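Following: one structure in structure tokens, then a few remarks.
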Amino acid sequence: MNKYVKYLMWLAQVLVCIAAVIAYVKYVKTSDAVYSALLATCMTALVAMCAKERWDKLSEWVVCISDREHALAQSVSSLAAEQLDCKERVDKLAKTLNGDE
């Protein structure tokens with residue numbers, strides 16, 4: 001994510017927080033259900049923004065982990081092939097020393 005997008009997301013969260021505080025204060029003063037609904041909407045939007053940030057971080061971690069897992073699988077595969085090659089050479093050398101070939 002671009003750094004400017006991160007700053008804009010942060011600014012949006014601040015604005016939603018300010019709107020929630022204003023809605024709460026107006027609700028306390030007037031006991032009007034409209035301000036209660038506005039407060040609930042602001043809180044829902046804030047929770048959604050925070051959840052999206054967490055989701056993006058988790059997605060980045062999943063990509064990083066899968067890349068490392070893929071690299072590990074490749075190295076294990078190459079080690080297994082190298083081990084098999086070494087075993088074949090040792091067996092061939094043992095046969096040559098024993099005079100089987």
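These figures come from a predicted structure and were not determined experimentally.
For Lys29, there are no salt bridge (charged side-chain N to carboxylate O under 4.0 Å, His left out) partners at least two apart in sequence or on another chain. Partners of Asp85 according to the salt bridge (charged side-chain N to carboxylate O under 4.0 Å, His left out) rule, which considers only residues two or more places apart in sequence or in another chain, are Arg89.
Residue Gln83 places its CD atom among 12 or fewer non-hydrogen atoms of other residues, nucleotides or ligands, all under 6.0 Å distant.
Summarising the geometry, atom CE belonging to Met9 is positioned 11.5 Å from atom NZ belonging to Lys6; distances are rounded to the nearest 0.5 Å. Atom-to-atom distance recorded for Leu58:CG and Trp55:CH2 is 7.5 Å, nearest 0.5 angstrom. Taken from OH in Tyr24 to CG in Leu38, the straight-line distance is 14.5 Å, to the nearest 0.5 Å. To the nearest 0.5 Å, the span separating CG on Leu72 from CG on Leu79 amounts to 9.5 Å. Taking NZ of Lys26 as the start and OG of Ser31 as the end, the distance is 14.0 Å to the nearest 0.5 Å.
Put simply, the residue from Val16, Ile18, Ile22 that forms a side-chain contact (heavy atoms from CB on, under 4.5 Å) with Cys42 is Val16.
At distances below 3.5 Å, at least one donor-acceptor pair connects side-chain atoms of Thr44 with backbone N or O atoms of Ala40.
Under a hydrophobic clustering in which Ile, Leu, Val, Met, Phe, Trp and Tyr are joined whenever their side-chain heavy atoms come within less than 4.5 Å, directly or via other members, Leu39 and Val28 fall into the same cluster.
When all heavy atoms of Ser78 and Ser75 are compared, the pair lying nearest together is OG-O, 2.9 Å. Nearest approach of Asp32 to Tyr27, heavy atoms of both residues: O-CD1, 3.1 Å. The minimum heavy-atom distance linking Gln13 with Cys50 is given by the pair NE2-N, 4.0 Å.
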Determine whether Asp91 and Lys95 satisfy the following criterion, salt bridge (charged side-chain N to carboxylate O under 4.0 Å, His left out), listing intermediate values before the conclusion. CA-CA 6 Å; Asp91 289 344; Lys95 284 181 182 178; over 6 Å; no

